[in-house]
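Structure first, commentary second.
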Amino acid sequence: MSDPTPLASLMQGNEAVARAALAAGVSFYAGYPITPSTEIAEYMARYLPEVGGIFIQMEDEISSLAAVIGASVAGSRAMTATSGPGFSLMQENLGFAVMAEVPLLLVNVMRQGPSTGMPTAPGQGDVMQARWGSHGDRLLPVFVPATVSEAYDLTITALRWSEELSTPVVLLMDEVVGHLRERVVLPPQRPALPARRQPACPPEEYLPYRTGEDGVPVLATFGSEYRYNITGLVHDQRGLPSNSPRVAEDLLRRLRKKIVYRMDDFPPPEMYQSEGAEYLVIAYGGVARAARQAVRQARQEGLAAGIFRPVTLWPFPGEQLAAAAAGKKGVVIAEMNDGQLAVEIERWLPPECRRVYCLKNCGELIAPTEIFSALREVAGRV
Amino acid sequence: MSENWLSYFRPNTLPHMWCPGCGNGIAVQAMLRAIDKLQLDRNKVVVVGGIGCSSRAVSYLDFHTLHTTHGRAVAFATGIKMANPALTVFVVMGDGDASAIGGNHLIHAARRNIDLNLLVFNNSIYGMTGGQVSPLTPGGSKTTTSPYGAIDPPFDLVQLMKGAGATFIARSTTYHARLLSELIVRAVQHKGLSFVEAVTHCPTSFGRRNKMPDPVQMLEWQKQSGVLKEKYEQLAPEERVGKYPIGLLHVAQAPEYCETYAALLKARQQKPR
């Protein structure tokens, strides 16, 4: 397709996600409108047909993710986007996709609050839902962009990992990034994502869920000569249901391991001025932008502060945090919720390290001055 | 049926998990007879199931099979068919699966007129969970969650699907198994959404609680209540009580969804940019 985009342009976060998805070869989108993610669906509805792709607006979020899974097993690179309430509705099928090992991208542009909350206001309330939202315990990679440019890059990263690990991947974006417009310089070359791997053995020898050491299955595309069964039930290497505790244990362990084993290859946390810092702000997504300003201000006042910003949120880069926090006098944990990631962060902090929480859960951005105040507090300069 | 009809089953997946006397095997056989008659390329056939007794059929059958979440089979199938319209897609669902939790997807698939072959194995009950009331449980029937007789009026899925825009609607029973198979053949040949209700029998969970513990009694019930459409239409209203029409009940012409989308794609890609 001819690229309608000049190399550098002003772009909204949601639009960056859609453009990246098209560039990475997404050929199927099924979704249901929900603020603040709607622009992604609108962009895809407009441009997917131009590249021969399929857009379908389904009757709800449950069917949206179901259709995405169906399209993926039929060979499409497939995605959907939603926001908190829709993300909740998708959790059952998200768990299915983990269990059945179906590659797909799910973008959640977070809004504020539980239930319908504040649809156009930013929040970071789905951090734990992304980790634990499905019943029965499951793990999938979750990436959190802080800038529009990063939203573009991480969309491609997420799609690549979904194929490489044969798993659903979540891009978790707060409304700040989703609706922000900033300058993005697009890479001159389109990312070349590898085609879906197909089995090489004779069809009669094919075992869809037999894996090598990396624990990743090679699932043939429906319509090929490799016929097999996909189910959300605990299944053996043939994909057939099993009630064996041994089969269950092997399967569930492998599903977790195949992701944890690749942790070191996931996007690393961003460290900003953390070298030589005495204090760390731990923030992610849109909040990390306010943290930057706060850190600059703190440095001006002689307070040695830096930032630890997770880019891969799950699996959580705990060892990197532990290394970064070692020897620090204190940390500020800033989130637009009542402290969801704080629970995970606490596990990795040295006990003697002081903590101050800078939490806001009202649909308003955390201002740089608020993080700056928290830094002063943790440094005992109040 | 070809001589080696067992070849339609995956090796080592039988015996099945259905109770003795269950009608699901007859319904599955009717479907396989149709596939055999049409000589469909097995590599181009997908069978999608929901959750419940009937949906467990998918893992036994040697096609591309997808056993999905409860009620969502039609939505999964929509994605498959859109992504590859060359595939022949069957969706096997139970009555509760299709019409309760999955009701929304059922009507929207009909509205779109997407070329899926929906088969609802209607055994009047939730069998796998042990016999609870379903939207298709006949009024007054006893189930574990309607111990005093069902007071919810049952759905007429034929009318529901007609109202939603389905272009092929048929119904048969496991007693009328040959007819069921013929209807499935025609459903596959039909371009657009095909809906076939297969009334089947569950002596274990339904019959036992409703004075039909023997599968033969349940088949007798089907024989008496399922009346060919032409005959049914001649019955007086009072004669229709407890009876329902079977056969090809509705056919209409409407644009098929995948074809409409293909036309849209063609138009967009020809447009100079």
Side-chain angles (χ1 to χ4, degrees), chain A residues 1-2 4 27-28 30 46-60 62-78 80 92-97 99-100 102 104 203-204 220-233 235 238-241, chain B residues 10-13 17 41-49 51 55-56 58-87 89 101-102 104-105 107-109 111-112 114 257-258 261-262 264-269 271 273:
Chain A
M1 84 173 184
S2 65
S27 59
F28 186 94
R46 181 156 187 175
Y47 291 106
L48 260 176
E50 310 235 321
V51 296
I54 290 159
F55 173 90
I56 180 169
Q57 183 167 316
M58 294 296 288
E59 50 272 17
D60 55 29
I62 296 172
S63 52
S64 297
L65 191 58
V68 165
I69 295 170
S72 182
V73 303
S76 296
R77 189 158 287 154
T80 187
E92 187 192 13
N93 281 339
L94 191 57
F96 177 94
M99 192 70 156
V102 179
L104 61 90
E204 59 275 14
T221 294
F222 272 24
S224 77
E225 58 190 331
Y226 297 91
R227 298 185 301 269
Y228 64 103
N229 185 50
I230 296 181
T231 178
L233 288 166
H235 48 272
R238 297 170 297 170
L240 296 174
Chain B
R10 292 199 165 104
N12 309 318
T13 58
M17 46 73 76
D41 175 355
R42 205 176 284 208
N43 293 331
K44 302 296 169 200
V45 173
V46 177
V47 186
V48 184
I51 296 293
S55 298
R56 288 299 282 268
V58 301
S59 58
Y60 308 137
L61 300 174
D62 189 8
F63 303 104
H64 297 286
T65 54
L66 183 67
H67 182 230
T68 67
T69 46
H70 190 38
R72 317 302 172 193
V74 176
F76 280 77
T78 299
I80 292 172
K81 185 70 184 177
M82 285 293 282
N84 186 355
L87 300 172
V89 182
I101 184 168
N104 199 25
H105 313 309
I107 59 176
H108 286 279
R111 172 176 67 88
R112 293 187 187 103
I114 184 165
Y257 193 74
C258 295
Y261 195 84
L264 182 150
L265 277 187
K266 207 172 162 193
R268 287 313 301 168
Q269 288 175 294
K271 193 176 165 287
R273 290 193 300 273

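We use all heavy atoms of the structure for the numbers below, so side chains are in, but hydrogens, waters and symmetry mates are not. Residue numbers begin at 1 in each chain, while the letters A, B, ... track the order of the sequences.
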Given heavy-atom pairs under 4.5 angstrom as the criterion, report whether the side chain, backbone, both or neither of [X] touches chain A.
X: B:L66; value: both
X: B:R111; value: neither
X: B:V58; value: both
X: B:Y257; value: side chain

Using a 4.5 angstrom heavy-atom cutoff, name the option from [options] with the most pairs to chain A.
options: B:T13, B:V46, B:D62; answer: B:D62
options: B:R56, B:R72, B:K44; answer: B:R72
options: B:D41, B:N104, B:L87; answer: B:N104
options: B:T68, B:V45, B:L264; answer: B:T68

Say you draw a straight line from [atom1] of [X] to [atom2] of [Y]; how long is it, rounded to the nearest 0.5 Å?
X: B:N12; Y: A:R238; atom1: CG; atom2: CZ; result: 6.0 Å
X: B:I51; Y: A:L233; atom1: CD1; atom2: CG; result: 6.0 Å
X: A:I56; Y: B:C258; atom1: CD1; atom2: SG; result: 8.0 Å

Please flag which part of [X] lies under 4.5 Å from any non-hydrogen atom of chain B: side chain, backbone, both or neither.
X: A:V68; value: neither
X: A:I54; value: both
X: A:F55; value: both

- Residues two or more places apart in sequence or in another chain: which of them pass side chain to side chain contact (heavy atoms under 4.5 Å, CB included) with A:R46?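 Not a single residue meets the side chain to side chain contact (heavy atoms under 4.5 Å, CB included) criterion with A:R46.
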- Side-chain donor-acceptor pair under 3.5 Å between A:N229 and B:S59, yes or no?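 The answer is no; no qualifying pair exists.
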- Whether B:F76 and A:F96 hold their rings parallel, tilted or perpendicular, with breakpoints at 30° and 60°: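 The arrangement is perpendicular - the two ring planes meet at more than 60°.
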- Considering all heavy atoms, the nearest B:H105-A:E59 contact: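 Result for this residue pair: ND1-OE2, 3.0 Å.
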- Message: Determine whether a donor-acceptor pair (N or O, by modelled atom type, separation under 3.5 Å) exists between the side chain of B:H64 and the backbone of A:S224.
- Response: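 Between the backbone of A:S224 and the side chain of B:H64 there is a qualifying donor-acceptor contact (under 3.5 Å).
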- Hey, is the main chain of A:Y228 close enough, under 3.5 Å, to the side chain of B:R10 for a donor-acceptor pair?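 Yes, because the side chain of B:R10 sits within donor-acceptor range (under 3.5 Å) of the backbone of A:Y228.
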- Of all of A:I69, A:N93, A:T221, which one pairs up most often with chain B through heavy atoms under 4.5 Å apart?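 When all of A:I69, A:N93, A:T221 are compared, A:N93 has the most.
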